[in-house]
Number of protein chains: 2
Amino acid sequence: MKIDPSSSKDLSVQIAQAIRDAIISGSLRVDERLPSETELSEKFAVSRPTVREALKRLAAQSLIRTQRGASGGAFVNRLTYEGAYGQQITTSTLLLSMNAVSFETACEARYALERACAPIAAQRRKEEQLGKMREQIARQTAQALSDEEFCASDVAFHRALVDAACNPVLSYHLAGAVEAMQPLMNMITFTARSRIKIVALHHNIADALEAQDATMVDRDLQELHRYTVELAADIIAQKTRSSA
Amino acid sequence: MKIDPSSSKDLSVQIAQAIRDAIISGSLRVDERLPSETELSEKFAVSRPTVREALKRLAAQSLIRTQRGASGGAFVNRLTYEGAYGQQITTSTLLLSMNAVSFETACEARYALERACAPIAAQRRKEEQLGKMREQIARQTAQALSDEEFCASDVAFHRALVDAACNPVLSYHLAGAVEAMQPLMNMITFTARSRIKIVALHHNIADALEAQDATMVDRDLQELHRYTVELAADIIAQKTRSSA
DNA sequence: AGACTTTTAATTGTCTTACAATTGAAAACC
DNA sequence: GGTTTTCAATTGTAAGACAATTAAAAGTCT
């Protein structure tokens, strides 16, 4: 672990990089304790605030966690699926919100990926995910939900569908695609009629999944995709009209 | 912008969160300059090192960039696709390496997602991506590549395939799935015979894409998936034999 | 001896002050 | 007017101090 003080890069960046490399290469294992901040500052020949800035960088990526007190210190984090989901979702959401991605583009990506999960999900679906899906359908049907709540329930339904594939890596990749759409979906106002149609499709999907009919699931997802884009197009048309 | 000093959370975490929220909500716009560290420390009533730790957290997520000198400071970053790709890939790679994901699981996710791009790619493929694919095929055929180089070229080929769908959101999501497999793929030794088979499939894929034959692309990707898993299974069997 | 309490030492979190390095802009000069 | 110099603002880094936290060690009582 050495750094180059003459490099153009900031010291805290170099130190963070050095520790990151040590973690990735495996020379620092999960749950292993890093040297104390004082020791690190001696090792790298920098001040403690500089070491701390480096550690905060790593903490922001949840590569390490810190604990106070005797026998405290910085520890290498296991990157859990839950943690990775979170990072994935915030990055995806930010990417979409900052780059003026069209609704069509984001929606196309989302449904393409979701349809990829469908055949696997149809094959492996368990009672647990089917239950979650039906639970969300019930929410969407019975209760008087706001548009935001309806949208959140929609996301929960689709996540259950993805999870039904029983492939955590797939769930991880899809998390970003599905959740990041939520801010865009929130712009849509779901009328009573459109809700009925969406819930009906959700019903079909859950039934088809239970019957392990991958073709049917795919068809309904396609229809849901088409209909969602149609709804969004209506909203945009309305806005254009009102501003004209 | 206020924070709660009595909260159980660290001040630098709270400050980072406050600024992050301001960015996400849009009250801080892209390329806008944040107040100087001194001003922030007065505003939040904390010391400058604490503010700095907060800023480093944000910089680690590339939400901001800093510049020294007069008229320097911290600026809100636009999260570019390139930047997001990078974060996506490192997170995905770390997730796979730290969680003992089986080759089959990761491979299934990757090919399922890639096959989702195929129909769109077949429809929209441009000369540019076809060229890149053929270029990588040529590399894989002609030159004497190490296993790592062959593998890297393979990744480049598949990224070109994904990019052919002309949907940057899709490319972003796939970047993690494809690139994160590389460390796992690097464990495979590609014999002359297996290379010939893989390159033949790449050829078929490129041809089918040019002919806009989505069905054929899908079939070849399935075969590539099957063959890759078979190769990996051989390696694992060899290792088990040699250790027994 | 065993359970409970107190002390202690290690470690991170934060503050203060200071100086170095960088850089754009204003001022001075030719 | 153009060039150079100076300056001031800002981030980067350093050093030292104290507060807060926490686990372990030491002490104490039953």
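These values consider heavy atoms only, across backbone and side chains, with no hydrogens, waters or symmetry-generated copies. Naming convention: chains lettered A, B, ... in sequence-line order (proteins, then strands); numbering from 1 in each chain.
Under the side chain to side chain donor-acceptor pair (under 3.5 Å) criterion, B:Glu148 pairs with no residue at all, not counting sequence neighbours. Taking the ring pair (Phe, Tyr, Trp, His ring centres under 6.0 Å) definition, one finds that B:Phe150 meets it with B:Phe190, sequence neighbours left out.
Between A:Thr91 and B:Leu79, the closest heavy-atom pair is O-CD2, 3.7 Å.
Contact annotation: the side chain of B:Lys126 approaches that of B:Gln129 to within less than 4.5 Å [non-hydrogen atoms, C-beta and beyond].
For the pair B:Arg110 and B:Glu114, the salt-bridge criterion is met [side-chain N within less than 4.0 Å of a carboxylate O]. A salt bridge does not link A:Glu149 to A:Arg139: none of the charged side-chain nitrogens sits closer than 4.0 Å to a carboxylate oxygen. Here A:Arg124 pairs with B:Glu108 in a salt bridge; the nearest charged N to carboxylate O distance falls below 4.0 Å.
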Identify all pairs in which a protein N or O lies below 3.5 Å from an N or O of nucleotides 14-17 of chain D, and state each distance.
{"from": "D:dA14", "atom 1": "OP2", "to": "A:Ser47", "atom 2": "N", "distance (Å)": "2.8"}
{"from": "D:dA14", "atom 1": "OP2", "to": "A:Ser47", "atom 2": "OG", "distance (Å)": "3.1"}
{"from": "D:dA14", "atom 1": "OP2", "to": "A:Thr50", "atom 2": "OG1", "distance (Å)": "2.9"}
{"from": "D:dA17", "atom 1": "N6", "to": "A:Arg48", "atom 2": "NH2", "distance (Å)": "3.4"}

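Rounded to an integer number of Å, the gap from CG of A:Asp10 to P of D:dT10 is 18 Å. B:Leu55 has its CG atom 14 Å from the P atom of D:dT10, to the nearest Å. Distance CG (B:Leu34) to P (D:dT10): 13 Å, rounded to an integer number of Å. With rounding to whole Å, A:Phe75 atom CZ is found 13 Å from D:dT22 atom P.
Paired with B:Val76 under the rule side chain to side chain contact (heavy atoms under 4.5 Å, CB included), one option of B:Asp31, B:Leu58, B:Leu34 passes, and it is B:Leu34.
Chain A approaches DNA chain C over the interval C:dA9 to C:dT14, counting the first and last nucleotide 5' to 3' with an atom under 4.0 Å from its heavy atoms.
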* To do: Please test A:Arg159 against A:Ser171 for side-chain contact (heavy atoms from CB on, under 4.5 Å), starting from the C-alpha separation and ending with a verdict.
  => CA-CA 8 Å; A:Arg159 285 201 60 163; A:Ser171 293; 6.0 Å; no
* For side-chain contact (heavy atoms from CB on, under 4.5 Å), just list the numbers for B:Leu161 and B:His158, CA-CA rounded to whole Å, side-chain angles, deciding distance to a tenth of an Å, and then say yes or no. => CA-CA 5 Å; B:Leu161 165 59; B:His158 286 281; 4.3 Å; yes
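Distances shown here put a side-chain N or O of B:Lys56 below 4.0 Å from the OP1 or OP2 atom of D:dG12. Put simply, B:Arg52 has no side-chain N or O that comes within less than 4.0 Å of OP1 or OP2 on D:dT11.
Counting only residues at least two apart or in different chains, ring pair (Phe, Tyr, Trp, His ring centres under 6.0 Å) contacts with residues 68-101 of chain B are absent.
Non-hydrogen atoms lying under 4.0 Å from DNA chain D are contributed by A:Arg68, A:Gly69, A:Ala70, A:Ser71, all within residues 59-72 of chain A.
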